[in-house]
Amino acid sequence: MLELHDVHYRPATAEQLVLNGIQLKASRGRPLLISGDSGSGKTSLLDVISGMASANTGRICWQEKVLNQRQRRWLCGVVFQFPERHFLGLTVSQELKLGHRRLSSEDQAAALRQVGLSGVDGRQAPERLSGGQQRRLALAVQLLRKPDVLLLDEPTAGLDWSVRTEVLELLDQLSRDRLLIVVTHEPELFHGWNCDQLRLHNGRLHALSP
């Protein structure tokens with residue numbers, strides 16, 4: 001279980017707290033959807049959970065153990081909004097290998113198969129993939145790290161309806177083996193998704209009725 005206890009966070013560039021006494025509990029097996037308006041602090045929340053940013057006060061625990069910033073980086077995998085902007089590899093294969101000293105072709109194939117990209121040529125440039133394929137590739141990159149917690153920032157942004165449905169089905173499958181948290185400013189796109197829901201407003205999380 002992931003727990004946040006009274007977490008406060010103010011980025012260096014902000015005058016006020018973006019996260020103000022955040023309390024959160026989430027478990028693997030059932031995805032958590034956090035909605036909020038643009039600028040409400042959703043990305044900042046993911047940054048703090050993942051260890052990309054350090055909370056000013058509060059505790060973040062995994063399996064009842066308090067984790068520091070470095071430990072959270074190992075715990076979490078993050079898929080950014082428009083992850084294709086963060087690709088560094090010249091090919092799909094190179095993108096998968098980033099951060100790994102050794103990664104066999106079998107491991108690459110297994111990761112691509114897990115996200116529904118088994119037919120993609122590893123020699124192909126990531127920018128030549130469709131939008132939906134790029135999201136799947138970004139997921140494959142993170143899954144190779146074997147994170148216990150998978151964090152996704154607006155995973156359906158910019159996708160058409162048919163691709164959106166496929167991505168949501170994939171995320172639902174992935175949530176069965178790991179803790180999965182999605183943030184979005186368009187919760188209506190997730191209508192019918194079997195998940196817990198919270199809303200971030202004025203720096204605090206509020207429970208939503210199922």
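As the structure is a computational prediction, the values presented were derived from the model and not from experiment.
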When hydrophobic residues are tied together by side-chain contacts of less than 4.5 Å, even through go-betweens, does [X] share a cluster with [Y]?
X      : Y      : result
Leu88  : Phe82  : no
Ile60  : Leu179 : yes
Leu159 : Trp193 : yes
Val167 : Ile181 : no
Val48  : Leu205 : yes

Residue pair Asn202, Asn20: steps toward the side chain to side chain contact (heavy atoms under 4.5 Å, CB included) verdict = CA-CA 8 Å; Asn202 290 335; Asn20 186 8; over 6 Å; no
Would you give the length of the straight line joining atom [atom1] of [X] to atom [atom2] of [Y], rounded to the nearest 0.5 angstrom?
X      : Y      : atom1 : atom2 : answer
Arg123 : Thr91  : CZ    : OG1   : 10.0 Å
Ser50  : Leu45  : OG    : CG    : 9.5 Å
Gln173 : Leu168 : CD    : CG    : 11.5 Å
Gln63  : Met1   : CD    : CE    : 8.5 Å
Leu200 : Leu24  : CG    : CG    : 10.5 Å
Ile22  : Asp6   : CD1   : CG    : 9.5 Å

Is the closest side-chain heavy-atom distance between [X] and [Y] below 4.5 Å?
X      : Y      : result
Leu67  : Leu75  : yes
Arg30  : Asp196 : yes
His5   : Cys61  : yes
Val92  : Leu129 : yes
His8   : Leu19  : no
Leu112 : Ser118 : no
Val18  : Pro11  : yes
Gln71  : Lys65  : yes

For the student: nearest non-hydrogen atoms of [X] and [Y], plus distance:
X      : Y      : answer
Val183 : Lys42  : CB-CB, 3.8 Å
Val163 : Gly132 : CG1-CA, 3.4 Å
Gly89  : Leu98  : N-CD1, 3.9 Å
Val7   : Arg59  : CG2-O, 3.7 Å
Val115 : Arg136 : O-NH1, 2.7 Å
Phe87  : Pro126 : CD1-CB, 3.6 Å

Check whether [X] reaches the backbone of [Y] with its side chain - one donor and one acceptor, N or O, closer than 3.5 Å.
X      : Y      : value
Gln69  : Gly51  : yes
Arg113 : Leu117 : no
Glu169 : Glu166 : no

Hey, mind stepping through Arg72 and Arg70 against side chain to side chain contact (heavy atoms under 4.5 Å, CB included) and telling me if it holds?
-> CA-CA 5 Å; Arg72 299 199 305 275; Arg70 182 174 180 272; over 6 Å; no
What's the verdict on side chain to side chain contact (heavy atoms under 4.5 Å, CB included) for Leu2 and Leu4, showing C-alpha distance, side-chain angles and the deciding distance?
-> CA-CA 7 Å; Leu2 177 71; Leu4 275 65; 4.1 Å; yes
Going by an N to O cut-off under 4.0 Å, is there a salt bridge joining [X] and [Y]?
X      : Y      : result
Arg28  : Asp177 : no
Arg199 : Asp37  : yes
Arg135 : Glu84  : yes

When you look at [atom1] of [X], are more than 12 heavy atoms from neighbouring residues, nucleotides or ligands closer to it than 6.0 Å?
X     : atom1 : value
Glu64 : CD    : no
His86 : NE2   : yes
Gln16 : CD    : no

Give the intermediate values and the outcome of side-chain hydrogen bond (donor to acceptor under 3.5 Å, both in side chains) for residues Gln108 and Ser93.
-> CA-CA 7 Å; Gln108 292 183 53; Ser93 181; 2.8 Å; yes
Remaining members of the apolar cluster that contains Leu90, side-chain heavy atoms under 4.5 Å | none
For residues 137-158, tabulate all N or O donor-acceptor pairs below 3.5 Å that involve a side-chain atom, not counting sequence neighbours.
residue: Gln142; atom: OE1; partner: Val78; partner atom: N; Å: 3.2
residue: Gln142; atom: OE1; partner: Arg145; partner atom: NH1; Å: 3.2
residue: Gln142; atom: NE2; partner: Val78; partner atom: O; Å: 3.4
residue: Arg145; atom: NH1; partner: Cys76; partner atom: O; Å: 2.8
residue: Arg145; atom: NH2; partner: Arg73; partner atom: O; Å: 2.9
residue: Arg145; atom: NH2; partner: Cys76; partner atom: O; Å: 3.4
residue: Asp153; atom: OD2; partner: Thr43; partner atom: OG1; Å: 2.7
residue: Glu154; atom: OE1; partner: Thr184; partner atom: OG1; Å: 3.1
residue: Glu154; atom: OE1; partner: His185; partner atom: N; Å: 3.4
residue: Glu154; atom: OE1; partner: His185; partner atom: ND1; Å: 3.4
residue: Glu154; atom: OE2; partner: His185; partner atom: N; Å: 2.9
residue: Glu154; atom: OE2; partner: His185; partner atom: ND1; Å: 2.8

Show your working on side chain to side chain contact (heavy atoms under 4.5 Å, CB included) between Tyr9 and Ser44 and close with a plain yes or no.
-> CA-CA 8 Å; Tyr9 173 64; Ser44 293; 3.9 Å; yes
Asp107/Ser104 under side-chain hydrogen bond (donor to acceptor under 3.5 Å, both in side chains): CA gap, chis, key distance, verdict = CA-CA 5 Å; Asp107 288 336; Ser104 69; 3.2 Å; yes
